[in-house]
Amino acid sequence: MNVIQGLRPEKLRELVLLILIALVLIVFSSVIENYLNARLFNRVSASVALMAVLAIGQTMVVLTRNIDLSVGSIVGFTAYFVGHQLSQYGDMHPMLAIFLAVGVGTLMGGINGILVAYCRIPSIIVTLGTMALYRTLLVEYSDAKTVLTVNLPRWLLDLPSLNLISFDRLHLRVLVVGMIVVVILFQIVLKYTSFGRKLYAIGSNPEAAKMAGFANQRMVLTAFLLCGALAGLTGFMFLARFGNITVVAGIGFELKSVAAVVVGGVNIFGGSGSAFGAFLGAVLIDLLENSLIRWLQISEFWRDALLGLLILISVATDSVIMKRFQLYWARKQARSSPET
Amino acid sequence: MTQALKEMSLELFSGEIHALVGENGAGKSTLIKILTGIHKPDDGEMMFSGNGVQMNSSQEAQALGIAAIYQEPMVFPDLDVAENIFISHRKRGIWVQWEKMYDDAHKILSDLGMILDVRAPASGLTLASQQAVEIAKAISLNVKVLIMDEPTASLSNHEVEQLFKVARKLKQENVAVLFISHRLDEVFEIADRITVLRDGEHISTRSVEEFSREQLIREMVGREVDQFYATRQKKKLGKRVLSVKKLSKEAAFTGIEFDLHQGEVLSFAGLVGSRRTDVGLALFGIQPNDSGVIELDGQKVSIRSPKAAQNLGIAYMTEDRRKLGLAMPLSITSNITLPSLKRYLGRLGLVRTESEKSTAEEFKNRLQIKTPNLAHEVGKLSGGNQQKVMFSKWLNTQPKVFILDEPTRGIDVGAKAEVHNMIRELADQGMAILCISSDLPEVLAMSDRVLVMREGRQMGILDGPQATQESIMSLAMGELQESA
Amino acid sequence: TVAKKGMKADLVLMPKFLGILVFDQANQGAQEAHKELQNPGKLEFLGPTPENSVAGQIEILTTATTQGQDGIMISNNAGDQLAPAAKSARNKGMTVVTWDSPIPSAEGEQLFIAQVDFNETGTVMADMAMNIMGNAGGDFAVLSASPDAANQNAWIAAMKEALKAPKYSSLNLVDVVYGDDQSEKSYNQALALVDKYPNLKLIMAPTTVGIAAAAKAMQDEGLCDQVKTSGLGLPAEMVSYTMNDCAPEFALWSFVDLGYLSYYATYLIATGQMEGIPGETFKAGRMGYYNVEKDPTRAEGLRVLMGPFTVYDKSNVEAASN
Amino acid sequence: MTNVWKYIRSWESFLCLVLILTISVNAVNSDAFLSIDNQVNLFTLSIEKVIIALIMAFIIINAEIDLSVASMMGLAACALGWLVDSGASMPTALAMCLLIGMLGGLFNGFWVTFMNLPSLVVTLAMLIGFRGLARVLVEDRSIRVFPSWFEELGQQPILGPLPLAVIIFFLLLILAVVVLRFTGFGRYVYVIGINKDMARYSGINVTAVKLILFALSGLISALAGILFAARLGSVRGDMGLGFELDIITMVLLGGVSIFGGSGSIYGVILSILIVLYLRNGMSLSNITGHLQTGVIGMLLIFSAMVPNLKNYWESLRASRS
Ligand SMILES: Nc1ncnc2c1ncn2[C@@H]1O[C@H](COP(=O)(O)OP(=O)(O)OP(=O)(O)O)[C@@H](O)[C@H]1O
Ligand SMILES: Nc1ncnc2c1ncn2[C@@H]1O[C@H](COP(=O)(O)OP(=O)(O)OP(=O)(O)O)[C@@H](O)[C@H]1O
Ligand SMILES: [Mg+2]
Ligand SMILES: [Mg+2]
């Protein structure tokens with residue numbers, strides 16, 4: 001009981017997710033031969049690196065009771081834009097390339113943010129619109145040409161396979177480390193800074209936040225800026241990993257990031273959730289996808305049907321456990337109700 | 001466009017407790033929202049410590065040292081209690097020190113006499129506890145001016161006492177306290193000076209000694225109102241309508257047992273959080289009981305949903321008008337007919353708007369709802385008038401058993417008297433009424449019998465004459481009734 | 001028939017969707033022919049978005065009919081779903097020619113400009129697999145575009161057919177997966193194939209997006225020694241992988257030529273200089289003479305066969321990539 | 001008088017204005033635009049989306065969302081093909097498809113009501129799930145087995161120039177207006193959208209209303225899928241892919257609040273017309289692909305900005321006087 005006493009809701013959520021992930025690992029290792037190996041870690045970590053960064057950006061926005069459906073287009077645009085620049089100016093400094101990606105992403109996020117916060121248009125409408133607009137921008141800008149791997153500088157092509165540390169076959173890639181840094185950074189910001197706490201407050205009760213004198217509009221704008229920046233960073237990672245960038249780059253990432261966020265226990269109506277949770281959500285989904293692909297008995301065509309169902313079940317599990325938890329709080333409250 | 005406030009003037013001195021009174025819709029809340037920078041005045045000026053100030057946001061008000069507790073509690077449900085108290089502290093710095101925050105919050109709350117788990121998410125708090133958190137938040141801000149809009153509306157005596165202790169302490173520390181309440185006893189108890197508002201206009205400001213109760217009411221209402229809290233005449237009870245035995249719900253209440261007769265008013269009294277509301281919710285099927293027996297007209301019934309309850313002739317009027325009581329963007333008419341919409345359906349399930357309108361018209365006249373027209377948005381009415389709309393909504397279902405949860409919460413004296421009269425009338429017509437109220441004088445005046453609860457347990461039932469302020473309080477505080 | 005220049009025909013070239021390099025190249029070819037033939041009419045390059053490809057193609061075809069265009073060249077991505085719209089276009093007197101990917105049932109379509117013989121594609125892929133894996137053979141898998149891509153499906157079917165020959169008995173096709181012509185999905189699918197089949201020796205991707213993604217995936221994971229990549233690819237996209245032996249061999253035809261040839265055929269039919277019946281011969285400018293014939297790879301339908309494949313390897317890929 | 005004035009300044013009249021503008025520009029731009037053929041075609045080409053938009057309006061007014069409609073459409077179409085292909089008679093297959101739609105909708109509704117999960121999450125998962133099931137049924141095939149009467153029903157006009165789907169749409173439209181505006185059920189849909197706790201406390205069976213809505217959403221999506229199959233004559237696993245966003249755009253542009261509780265079918269039908277005419281006009285001017293989508297996206301944002309501009313302007317005027 002004492003253990004649970006110290007558990008705040010988001011901690012519990014994270015715990016539940018960890019248990020679910022462990023469960024997935026156990027179940028699949030019993031049906032797939034040679035499942036639990038270094039390769040699995042390498043694969044999942046490398047592809048989660050992108051989705052987790054994006055999902056954390058999405059988390060910032062969702063916490064404030066908004067949503068950003070344009071992230072897929074931002075990823076696509078920045079990937080193309082930076083790729084295009086790099087193929088023209090191959091000697092560009094790597095840092096500059098990253099800044100460029102983050103900068104372009106931030107700009108696009110900023111447009112979303114201004115429209116949502118200052119023009120007071122519901123975020124779903126704004127970002128549905130900019131999802132189309134940014135994609136159009138990409139098509140117009142690219143003129144239907146592809147960014148080709150051959151034209152990209154060497155360092156970029158080597159980046160996805162660059163290992164920071166390796167234990168035998170287990171590789172800790174640079175991109176993965178980058179993602180881990182982002183997760184930790186944002187976890188700290190959300191948990192321990194008053195900026196982060198105010199984001200929660202705004203999402204939890206915008207009206208009260210206004211009454212309390214928070215600069216709601218600026219905060220929401222900031223959330224979108226951060227989301228854009230992280231989407232830009234994802235765009236850069238996308239470019240590094242996939243090399244060939246066409247106009248379809250990043251399509252569907254918006255829904256994937258939303259899925260990661262909700263599976264990660266971030267309340268879609270704002271106010272609760274954590275960066276670490278979003279990361280775990282991304283891991284869980286990727287792990288499921290990866291495992292289903294590797295499962296010989298599952299045909300290519302069954303995979304999506306199962307994936308949908310499994311996502312649903314994991315979200316439901318989380319919600320059931322949270323409900324239990326709330327009941328527990330209520331009981332505890334009942335025991336310690338106002339004394340004389 | 002009606003004008004909410006006309007040529008209002010108000011002076012507030014440090015070290016005074018100033019009460020603001022007036023009927024529902026007099027403009028008290030509006031005034032406060034102007035004082036704290038949420039609304040902007042069309043005209044006029046504001047001086048603070050001798051300097052003219054222009055307030056454009058509540059942030060600026062806070063910077064000046066003005067804090068307010070609004071009529072409807074404004075907590076952040078996802079944050080825990082401690083954070084709710086400290087979230088808007090300007091000097092909190094960039095980093096959050098969780099442990100220190102918990103300790104401080106605990107201390108502030110205990111100073112207020114409130115024991116709340118500071119780590120619990122605020123979403124589980126009762127309205128009263130939310131109010132407590134709001135108060136804790138405001139006084140922790142080290143303010144120069146503290147404004148409280150009906151802070152006691154959902155508190156019971158015990159908590160009110162604690163609050164007043166704090167208010168007096170603040171007064172000693174030279175804080176100016178502006179206090180709004182519809183409970184005149186409280187006003188006379190705590191205020192140094194009183195300002196009366198009526199229809200958005202300033203009527204008078206005088207020190208409390210210069211007011212008599214009658215005079216105050218006259219100035220508020222603009223006419224004579226008599227028969228306040230006249231004790232209810234004991235009548236012969238009708239046949240038993242509702243009988244409840246060993247009613248229990250996990251994590252809420254246990255062992256509730258009572259009978260309710262036709263024409264009887266049974267009140268539920270108790271401290272805040274004594275789980276009276278939960279009993280009401282169980283009887284209305286919103287949070288059905290786990291065990292126990294409910295008999296209606298001698299028949300055992302099982303109430304698993306509000307719809308079932310309604311079909312059985314039970315109505316429940318909630319204490320949380322804003323969140324649970326009314327559809328704010330809808331018209332008065334639509335709100336009134338909502339629970340009984342079935343009656344207004346014609347062929348093919350089409351709504352007969354004409355008969356809807358005439359019902360609404362009837363209630364408007366009967367309850368004297370002040371509104372430009374019946375198509376008016378309920379959300380734009382003042383609190384008291386909203387309460388009347390909610391009352392109409394349930395009366396219109398013509399219930400056998402009417403459960404009223406804090407029926408006069410936030411209602412002004414005049415309207416309160418009307419509500420009391422209405423409840424009596426209903427009882428006299430044979431309705432069985434179960435009234436949950438934290439307003440002790442009201443409980444004493446209204447009820448035939450009083451059931452006292454404490455922490456989810458029934459402490460006893462007091463018959464009319466036995467019920468006094470003292471006997472109820474001692475039960476509510478935990479002394480079991482010997483005879484029960 | 002040798003085309004008479006300067007006759008007016010408003011034509012539309014419709015790719016599967018916009019934003020893919022090869023379709024742009026086809027457009028180049030068509031524009032070249034358009035100029036060459038001095039057609040006073042317009043040549044529009046109109047395509048849907050990848051997300052909305054099927055409905056978009058139908059919409060564009062229907063609108064073209066409404067506009068009274070004289071002819072349309074379609075790289076069909078909608079399978080037989082395009083047939084009703086194509087039929088009503090034909091009824092309005094429009095010329096409907098497909099290229100790159102035909103209408104499977106051939107309903108509503110006058111002619112299909114086949115880049116290569118679809119049956120031959122199967123053999124070419126099987127041959128490349130054989131070359132790469134050697135006589136010992138082994139496991140290989142196909143990474144296709146979407147499960148609905150008619151031409152890819154036809155090629156895969158043709159390859160399966162070809163594999164039945166005793167010559168290829170050592171080749172073992174273990175799986176067909178789909179990357180939806182998206183880099184990231186194809187990349188992940190390629191890696192998944194490697195994990196799923198420990199003995200995999202080759203990934204065959206009959207799609208330009210898929211082959212490039214698969215090659216990059218193998219290179220990034222340092223698997224090029226173990227698993228090779230092959231299929232249909234653009235030299236410009238594949239040159240580095242061919243040179244470093246990740247994708248030693250792949251094939252393609254010229255999309256510029258395909259656009260060029262399609263334009264000639266469509267122009268001739270739309271201006272009434274050719275009927276589009278089996279046995280007809282026409283001259284397609286710089287490319288020379290071509291025949292209209294019954295399409296042996298479909299139950300119904302006529303085709304003009306462009307051919308041939310160019311198979312690229314270290315010897316010729318660099319020259320072709322510029 | 002004030003009522004008239006209020007109406008003139010309403011969202012719907014703004015949409016009307018945009019619509020008239022679009023039509024005039026189109027008519028000037030292209031001779032073909034006003035032809036009956038084109039008018040019917042532009043409807044027919046998107047008729048399935050438009051039909052689903054009607055029920056989506058109900059769902060969004062109810063403060064929920066259903067992202068799985070397009071996948072359900074694909075699933076129903078594929079199921080129809082699969083059933084007929086495996087020898088079921090046409091009527092049986094049609095009935096089965098509608099049943100699948102309804103059950104799928106109820107499945108969504110179950111998680112939303114009984115498990116209390118946000119509909120965005122549930123239907124996002126089923127967007128993947130239903131599409132997956134469609135794939136399971138047809139795999140990489142394209143199934144073309146329908147009797148000719150079925151295809152004719154989908155492709156030939158049956159009443160004047162109007163094909164069946166368009167007629168069904170008009171019937172559903174009238175039904176939707178009546179139900180939402182004039183019936184008790186419609187009132188419940190709004191009230192629950194405004195505040196579902198309050199609705200429950202008023203004795204409204206929130207669960208039932210939501211279940212009905214989701215079941216209807218599934219059912220109508222399945223119907224749309226069947227019409228789609230008839231129009232195209234064959235089915236594949238990718239049918240209707242990505243339609244959900246177009247559908248939601250139409251509804252939101254129609255002034256239905258994404259937070260529920262407000263909006264009308266009139267607005268939705270106007271926005272449908274705007275989107276269709278705009279797309280058609282652009283297609284006729286040979287603007288396709290992403291540019292079309294971009295223009296619609298821009299329109300969505302701008303139109304959402306207009307009410308705010310109006311408020312801003314009014315407050316400016318008020319502060320001056
Ligand atoms: N959101 C609103 N929009 C328009 N008018 C409003 C709004 N809120 C309140 N009013 C009007 O302003 C006037 C003053 O209301 P206010 O809430 O200040 O009254 P109050 O004195 O606080 O009443 P109560 O005691 O019931 O809380 C009333 O006539 C009310 O109808
Ligand atoms: N300790 C608690 N923890 C969580 N929820 C509570 C707690 N106490 C009460 N509630 C909830 O708050 C609502 C009202 O509470 P309750 O019935 O305890 O109050 P009450 O005795 O009616 O007093 P009041 O209405 O004055 O707050 C109910 O819905 C109940 O479930
Ligand atoms: Mg007030
Ligand atoms: Mg209560």
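These numbers come from the heavy atoms of this one structure, side chains and all, not from hydrogens, waters or symmetry mates. So you know, we letter chains A, B, ... as the sequences are listed, proteins then strands, and number each from 1.
Looking at A:I125, both its backbone and its side chain come within 4.5 Å of chain D, counting heavy atoms on both sides. Only the side chain of A:V320 comes within contact range of chain D, with heavy atoms under 4.5 Å apart. The part of A:I67 that comes within reach of chain D is its side chain, from C-beta onward, which places non-hydrogen atoms under 4.5 angstrom from that chain. Within the 4.5 angstrom heavy-atom criterion, only side-chain atoms of D:I258, from C-beta onward, approach chain A. Interface residue D:L117: only side-chain heavy atoms are found under 4.5 Å from chain A. Heavy atoms closer than 4.5 Å to chain A are found in the side chain of D:L127, but not in its backbone. Of the atoms belonging to A:F269, it is side-chain heavy atoms, and not backbone ones, that fall under 4.5 Å from chain D. Using a 4.5 Å cut-off between heavy atoms, A:E140 contacts chain D through its side chain alone, with no backbone atom that close. For D:F259, the part sitting under 4.5 Å from any heavy atom of chain A is the side chain, from C-beta outward, and nothing else. With a threshold of 4.5 angstrom between heavy atoms, D:M115 approaches chain A through its backbone and through its side chain. The contact between A:L312 and chain D is made by backbone and side chain atoms together, counting heavy-atom distances below 4.5 Å.
A:T127 and A:N112 form no side-chain donor-acceptor contact under 3.5 Å, judged by distance and modelled atom types alone. Under the 3.5 Å distance criterion, with hydrogens and angles disregarded, no donor-acceptor pair is assigned to the side chains of A:S319 and D:N116. Between the side chains of D:D66 and D:S119, not a single donor N or O lies within less than 3.5 Å of an accepting N or O. A donor atom on one side chain and an acceptor atom on the other are found under 3.5 Å apart for A:S47 and A:D286.
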Derivation of the salt bridge (Lys or Arg N to Asp or Glu O under 4.0 Å) call for D:D246 and D:K49 = CA-CA 8 Å; D:D246 279 6; D:K49 289 184 203 172; 2.7 Å; yes
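Looking only at heavy-atom pairs under 4.5 Å with chain A, the residue among D:L253, D:L299, D:L120, D:I128 that has the most is D:I128. Your options are A:L69, A:I311, A:V262, A:V139, and the one with the most heavy-atom pairs under 4.5 Å with chain D is A:V139.
Shown are D:K210, D:M198, D:E64; of these, the side chain to side chain contact (heavy atoms under 4.5 Å, CB included) with D:I192 is made only by D:K210. If you run side chain to side chain contact (heavy atoms under 4.5 Å, CB included) between A:V315 and each of D:V121, D:V122, D:L124, only D:V121 comes through.
Between the side chain of D:S217 and the backbone N or O of D:L213 there is no donor-acceptor pair closer than 3.5 Å. Side-chain atoms of A:E254 never come within 3.5 Å of backbone atoms of A:S70 as a donor-acceptor pair (strictly under, hydrogens ignored).
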